[in-house]
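Single-structure report; data block below.
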Amino acid sequence: MEAQPVPKLEGTNWNPGLEEELRKLWETENNYRFEPNKDKKPNFVLDTPPPYPSGKPWHPGALTQYSQIDMVARSARMRGYNVLYPVGIDRNGLPVEIATERKYRIQLRKTPRDEFITLCKHALDDIEAYMLELLKKLGISGDFENKYRTDSEEYRKLTQWSFIELWEKKLIYIANRPNVYCTDCGTALADAEIEYEERPTYLVTNRFKVKASDEELLVATTRPELLEACQLVIVHPEDERYKDLVGRKVIVPLFGNEVPVAAHPSADMSFGTGAVMICSYGDYHDVQLFRELRLREIVAIDSDGKMTAAAGKYAGMTVKDARSQIIQELQEAKIATKVEQIQHRTPLCERSHTPIEIIPMQEYYLKQLEFLPKLRKLAKAMEFHPDMHRQILSNWIDSLTTDYPISRNRYYATEIPIWYCSKCNEPHVPKPGRYYRPWKDESPFKKCVKCGNQKFIGETKTFDTWMDSSISALFVTKWNRDQAFHQATYPASIRTQGKDIIRTWLYYSMLKCYLLTEKAPFEHAWIGGLGQDASGRAMRKSLGNFMDPEPLLQKYGADAFRFWGASEANLGYDFRLSEDRVAGAGKFLTKLWNTARFIGNFPEPKRPETLTQTDEWILAELASLIKECKEGYEDFNLFVPSTKIREFLWNVFAAHYIEMVKGRAYGDVGRGEDRDAARYTLHLIMKSMLLLLAPITPHITDHIWRRLYGSKTIHLESFPEAGQHKVAKAESQELMEFNIEVWKTKREKGLALKDSIKIEVPKKLKGYSADLTRMHHIS
RNA sequence: GGGCCAGUGGUCUAGCCUGGUCAUGACGUCGCUCUUACACAGCGAAAGUCGGCGGUUCGAAUCCGCCCUGGCCCA
């Protein structure tokens with residue numbers, strides 16, 4: 001007796017509304033809980049980027065990346081790993097401070113610190129809730145229950161702990177050095193926080209009198225306000241114009257100090273007059289020469305961006321005002337021979353877009369230069385996906401010339417745990433294991449170790465945010481919190497991140513974790529491309545070319561968005577976001593849905609003794625698909641499985657196999673055993689495709705799986721094994737070409753597909769002739 | 001100035017490492033078709049100097065050199 005076919009899937013397309021129900025189900029089932037070495041499976045630990053709540057809407061490219069990371073985690077589970085997939089939120093740093101200053105029209109330095117911090121917290125909480133909700137809507141399978149925040153007491157305690165260990169290892173030092181400084185943000189910047197922009201500025205050519213002669217030297221500069229800090233004028237050694245001036249002295253106009261003229265190869269003969277004044281500090285070139293030639297620095301600009309006493313009557317003016325004032329005076333005194341406007345590549349603060357200044361300041365530094373050779377080795381040993389992006393890290397390591405300045409003058413960040421003796425200024429660093437706020441807390445020290453004084457002053461500075469983020473791999477593996485857990489999970493298996501923060505997050509993570517644990521923090525680095533707008537431009541909030549991802553998710557569902565994210569661009573390449581293409585991904589889901597709906601009509605029989613040639617053929621195609629998908633997943637590449645599965649489903653399985661076996665599947669033709677062979681094979685292929693797709697489109701695959709193959713979730717299953725079926729590629733090709741030829745002939749002859757046709761089945765395809773005859777109505 | 005990446009039908013993309021089938025697929029366009037899963041479909045068609053120039057080779061989208069354009073990063 002044959003069971004009546006029962007349609008198990010309603011409607012002719014996938015309803016994204018079902019996603020919400022599934023997510024609720026997953027939450028109650030709690031399938032993804034991590035315990036080290038559970039069921040004797042190997043651990044797989046992700047070090048994921050905690051997103052920064054910087055505003056609404058969230059960058060759609062970032063959201064795409066989070067969905068891709070989820071696919072990495074889900075595929076690892078289905079490859080048989082026990083997966084630790086942490087969810088964190090990065091809440092330290094400048095952006096929230098700037099947003100808070102703008103929102104409440106207040107200034108950080110003029111607001112009580114406690115109050116300011118509270119305002120920042122509220123802003124972060126608000127956006128954080130929005131982001132977590134979006135992540136959940138995407139179907140992210142991370143550990144939301146144990147989500148962490150980088151501004152929590154527990155996290156900051158660990159950041160301070162890492163600092164204290166580095167301090168004790170004598171890897172931290174204080175130095176008074178020229179520092180890249182943003183006068184607007186009021187803080188020192190790391191190299192990574194600087195960006196460049198072409199901006200108009202004046203190039204002023206001034207007469208410098210040559211000492212004890214009537215000669216003059218013309219010197220062009222973009223920084224006339226720094227004349228008082230000029231200590232040297234350089235010319236190129238091969239510059240014939242100035243050969244006889246080298247070694248003599250010139251007099252700085254307006255200020256009258258005498259400075260030598262020297263030959264130096266870094267002078268550009270073609271820029272300005274070829275003679276360059278070297279001041280402390282106009283740009284990096286100045287810094288380099290001051291260091292190289294051991295010149296005496298004159299601090300001309302203070303940390304508020306105002307001219308210092310060294311600037312004489314210009315003291316107290318802003319750099320900008322001083323510049324225009326001084327240009328005017330130089331012109332009036334006929335010292336300036338030329339004032340022209342030029343486009344100048346100006347270094348800017350990445351956050352405030354203010355031109356940076358170089359000011360000598362006392363800052364804390366973490367040693368890195370002496371470890372660069374070791375870091376280069378670690379970078380070489382690390383497995384990059386794709387391999388090409390290792391280059392970005394190598395280039396960065398090769399370009400570093402100073403140690404890492406780790407202190408900042410901000411509020412919403414982890415405090416540097418130091419107290420200074422009020423008398424002798426000796427720094428005291430407390431014991432690790434607590435969260436310290438020296439600007440607020442009482443000193444844990446009773447007596448200065450140096451002078452015995454009993455009063456202390458707490459440090460007010462904070463850490464650069466990368467000091468926090470760089471230990472994410474240590475935090476999620478419970479370093480200094482749970483030794484057994486840490487042993488089992490560190491180093492992490494994989495760091496997943498965008499290519500834009502390789503030189504910051506990835507590099508600083510390697511540096512700090514290496515210094516603390518002597519190991520690289522992770523084995524693999526997965527580097528995603530960046531989301532661009534539809535015309536290929538970087539999507540930036542400042543450019544206003546943002547697309548709100550939420551309506552897209554609402555309209556097409558998370559699975560369509562995810563499938564688009566997986567299949568849009570190859571691993572590591574930038575991708576463009578457009579609604580059309582997400583919609584196109586949705587069509588694939590419809591195709592999958594209808595294929596499943598068709599197959600669900602048939603009962604799933606046991607494997608018959610023998611299968612037909614047609615069944616063997618599609619199983620061989622499936623075997624190679626499984627192999628390709630597995631290779632893709634092992635390389636953490638989602639592009640490979642998503643595009644291969646789409647091609648197989650659409651162009652091979654649905655177009656050819658299903659059409660060929662329809663007759664048998666319905667039981668219209670052939671023996672009962674052949675019918676079961678078709679049904680068995682249809683279900684086997686369906687199951688395999690669902691399993692292969694489950695990491696990419698977790699909702700639709702789970703829904704179909706539960707409906708057709710039992711009530712349990714697909715997400716606790718493993719990937720299918722590639723079978724032993726073998727059919728020559730040429731035969732496969734020939735089979736599909738024959739079908740196409742029949743279709744073409746029918747249309748040329750004006751025949752409907754159901755009309756019969758006289759056509760010879762090629763000899764090589766004899767094994768398929770029963771199915772082909774039924775399919776094409778060959779008479 | 002340097003580095004990395006990219007440049008393939010109207011749009012996007014595979015192939016390039018490991019040279020050799022009429023260059024893959026998707027979106028879009030046009031025509032036909034309701035064919036016991038799917039019209040969010042099926043079938044078919046039009047559409048390409050594989051950025052340019054030169055070289056290696058019997059043969060180059062693929063290897064080499066130079067150049068142009070765009071993106072990202074660095075100095």
Side-chain angles (χ1 to χ4, degrees), chain A residues 5 7-9 11-14 191-192 194-196 266 268 270 283-285 288 345 347 386-401 498-504 527 529-530 532-538 556 560 564 567-570 572-602 639-640 642-644 646-655 658-659 662-663 665-668 682 686 729-730 733 739-748 750-755 775-777:
Chain A
K8 292 173 177 165
L9 304 172
T12 57
N13 51 22
W14 162 243
D191 286 355
I194 299 162
E195 61 180 34
Y196 292 82
S266 65
D268 178 358
S270 63
D283 57 22
Y284 280 115
H285 184 212
Q288 198 188 322
R345 215 174 128 78
D387 193 56
M388 66 178 181
H389 285 335
R390 184 199 317 276
Q391 199 62 39
I392 301 176
L393 178 62
S394 306
N395 290 350
W396 178 244
I397 293 176
D398 290 343
S399 71
L400 288 166
T401 55
K499 72 174 187 192
D500 52 335
I501 49 174
I502 290 176
R503 68 206 169 103
T504 49
I527 309 296
L530 306 178
Q532 303 176 326
D533 70 10
S535 58
R537 286 199 314 169
Y556 301 101
W564 163 79
S567 60
E568 176 68 14
N570 210 333
Y573 288 85
D574 294 345
F575 50 89
R576 295 178 183 196
L577 198 102
S578 81
E579 180 168 346
D580 286 351
R581 304 185 73 77
V582 176
K587 284 190 184 181
F588 169 75
L589 300 184
T590 304
K591 190 71 186 174
L592 177 68
W593 177 260
N594 282 300
T595 311
R597 206 162 64 92
F598 171 69
I599 293 170
N601 282 329
F602 306 111
F639 180 80
V640 169
S642 58
T643 52
K644 297 284 179 196
R646 181 173 60 195
E647 208 171 313
F648 172 82
L649 169 64
W650 219 309
N651 301 330
V652 180
F653 181 58
I658 289 186
E659 294 304 326
K662 252 183 196 170
Y666 281 117
D668 293 352
L682 284 167
M686 193 66 228
K729 255 220 151 114
Q733 196 76 19
N739 287 333
I740 289 168
E741 199 196 311
V742 177
W743 287 323
K744 207 168 162 179
T745 310
K746 279 195 173 177
R747 83 169 286 94
E748 277 165 4
L751 295 171
L753 288 176
K754 61 184 174 189
D755 292 341
M775 171 189 186
H776 295 299
H777 306 279

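Naming: A, B, ... by sequence-line order, numbering from 1 per chain.
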- Using the P atom in both, what is the distance from B:G3 to B:U11, to the nearest Å? 31 Å
- Message: Tell me whether A:H389 contacts the main-chain N or O of A:G572 through its side chain, where contact means a donor paired with an acceptor under 3.5 Å.
- Response: yes
- Query: Got a minute to check which stems RNA chain B is part of, using Watson-Crick or G-U wobble pairs under 3.5 Å, three or more consecutive?
  - Reply: B:1-7 with B:68-74, B:10-12 with B:25-27, B:29-33 with B:41-45, B:51-55 with B:63-67
- Checking all strands, does A:W650 fall into the base, sugar-phosphate, or nothing category for heavy-atom contacts under 4.0 angstrom? sugar-phosphate
- Item | Of A:F598, A:W14, A:F588, the residue whose pairing with A:W593 passes ring pair (Phe, Tyr, Trp, His ring centres under 6.0 Å) | A:W14
- Starting at the 5' end of RNA chain B, which residue's closest nucleotide do you reach first, A:W743 or A:G663? A:G663
- Task: Round to a whole Å and report the spacing from CE of A:M775 to P of B:G42.
- Result: 13 Å
- Task: Could you work out the separation of B:G70 and B:U29 based on their P atoms and round it to a whole Å?
- Result: 31 Å
- Over all atoms of both residues, closest heavy-atom pair of A:A583 and A:Y556: CB-CE2, 3.6 Å
- Would you classify A:E659 as touching base, sugar-phosphate or nothing, given that sugar-phosphate means primed atoms plus P, OP1 and OP2, and contacts are heavy atoms under 4.0 Å? base
- Can you tell me how far P in B:G7 sits from the matching atom in B:C16, rounded to whole Å? 13 Å
- Give, for atom CG of A:D574 and atom CD of A:E568, the distance between the pair rounded to the nearest 0.5 Å. 11.5 Å
- Message: Are the side chains of A:L592 and A:M686 in contact, using a 4.5 Å heavy-atom criterion?
- Response: yes
- Applying side-chain hydrogen bond (donor to acceptor under 3.5 Å, both in side chains) between A:H776 and each of A:T745, A:N739, A:D755, report the one that passes. A:N739
- Task: Using a 4.0 Å heavy-atom cut-off across all strands, classify A:K746 as base, sugar-phosphate, or nothing.
- Result: nothing
- Item | Separation of the C1' atoms in B:C34 and B:A41, to the nearest angstrom | 10 Å
- Between atom NZ in A:K591 and atom C1' in B:G25, what is the gap in whole Å? 15 Å
- Atom CZ of A:F575 to atom C1' of B:C27: distance rounded to whole Å? 19 Å
- Item | Gap in Å between the two C1' atoms, one belonging to B:G19 and one to B:U56, rounded | 11 Å
- Taking only the side-chain heavy atoms of A:E647 (C-beta and beyond), determine which of B:C43, B:U24, B:C27 contains the nearest atom. B:U24
- Can you check the A:E579 CD to B:U11 C1' distance for me, whole Å? 16 Å
- Task: Classify the nucleic acid contact of A:D580 as base, sugar-phosphate or nothing, counting any heavy atom under 4.0 Å across all strands shown.
- Result: nothing
- Task: Would you mind classifying the nucleic acid contact of A:A596 as base, sugar-phosphate or nothing, using non-hydrogen atoms under 4.0 angstrom?
- Result: nothing
- Item | d(NZ, A:K499; C1', B:C5) in whole Å | 6 Å
Below 3.5 Å between N/O atoms, which protein atoms pair up with nucleotides 12-14 of chain B? Just atom names and distances, please.
residue : atom : partner : partner atom : Å
B:C12   : O2'  : A:R581  : NH2          : 3.1

- Message: Expressed as a whole number of angstroms, how long is the span from A:K662:NZ to B:C38:P?
- Response: 8 Å
- Taking for each residue the nucleotide of RNA chain B bearing the nearest heavy atom, is the 5' side occupied by A:R646 or by A:I599? A:R646
- Query: Looking only at atom C1', what distance separates B:A45 and B:U49, rounded to whole Å?
  - Reply: 23 Å
- Reported CG-to-CG distance for the pair A:L9 and A:N601, which is rounded to 0.5 angstrom: 8.5 Å
- Query: Which heavy-atom pair separates A:W650 from A:K587 by the least distance, and what is that distance?
  - Reply: CH2-O, 3.8 Å
- Is there a donor N/O on one and an acceptor N/O on the other, under 3.5 Å, for the side chain of A:N13 and the base of B:C40? yes
- Query: A:K754 near the nucleic acid: base, sugar-phosphate alone, or nothing, with a heavy-atom cut-off under 4.0 Å?
  - Reply: sugar-phosphate
- Message: Does B:G28 have OP1 or OP2 under 4.0 Å away from a side-chain N or O of A:K587?
- Response: yes
- Query: How long is the line joining NE2 of A:H776 and P of B:C43, in whole Å?
  - Reply: 12 Å
- Gap between atom CG of A:D387 and atom CD1 of A:I527 - 0.5 Å precision: 11.0 Å
- Task: Determine the interplanar angle of the A:F648 and A:F653 rings, folded into 0 to 90°, and report it as parallel if under 30°, tilted if 30 to 60°, perpendicular if over 60°.
- Result: parallel
- Message: Mind checking if A:D500 touches a base, just sugar-phosphate, or nothing, with heavy atoms under 4.0 Å?
- Response: nothing
- Message: Tell me if a side-chain donor or acceptor on A:N570 pairs with a main-chain N or O of A:F639 at a distance below 3.5 Å.
- Response: no
- Whole-angstrom distance between B:G25 and B:U18, as gauged at atom P: 26 Å
- Message: Students often get this wrong, so: under 4.0 angstrom with heavy atoms, is A:L530 touching a base, only sugar-phosphate, or nothing?
- Response: nothing
- Query: Which part of the nucleic acid, if any, lies within contact of A:T12, taking any heavy atom under 4.0 Å across all strands shown: a base, the sugar-phosphate backbone alone, or nothing?
  - Reply: sugar-phosphate
- Item | A:W396 side chain reached by A:T504 side chain, heavy atoms, under 4.5 Å | no
- Item | Separation of B:C72 P from A:I527 CD1 (nearest whole Å) | 18 Å
- Message: So if I take every side-chain heavy atom of A:N651 and compare against B:G3, B:G25, B:C38, which nucleotide ends up nearest?
- Response: B:G25
- Message: Taking B:G65 as the reference, what is the distance to B:C17 when you measure between their P atoms (whole Å, please)?
- Response: 14 Å
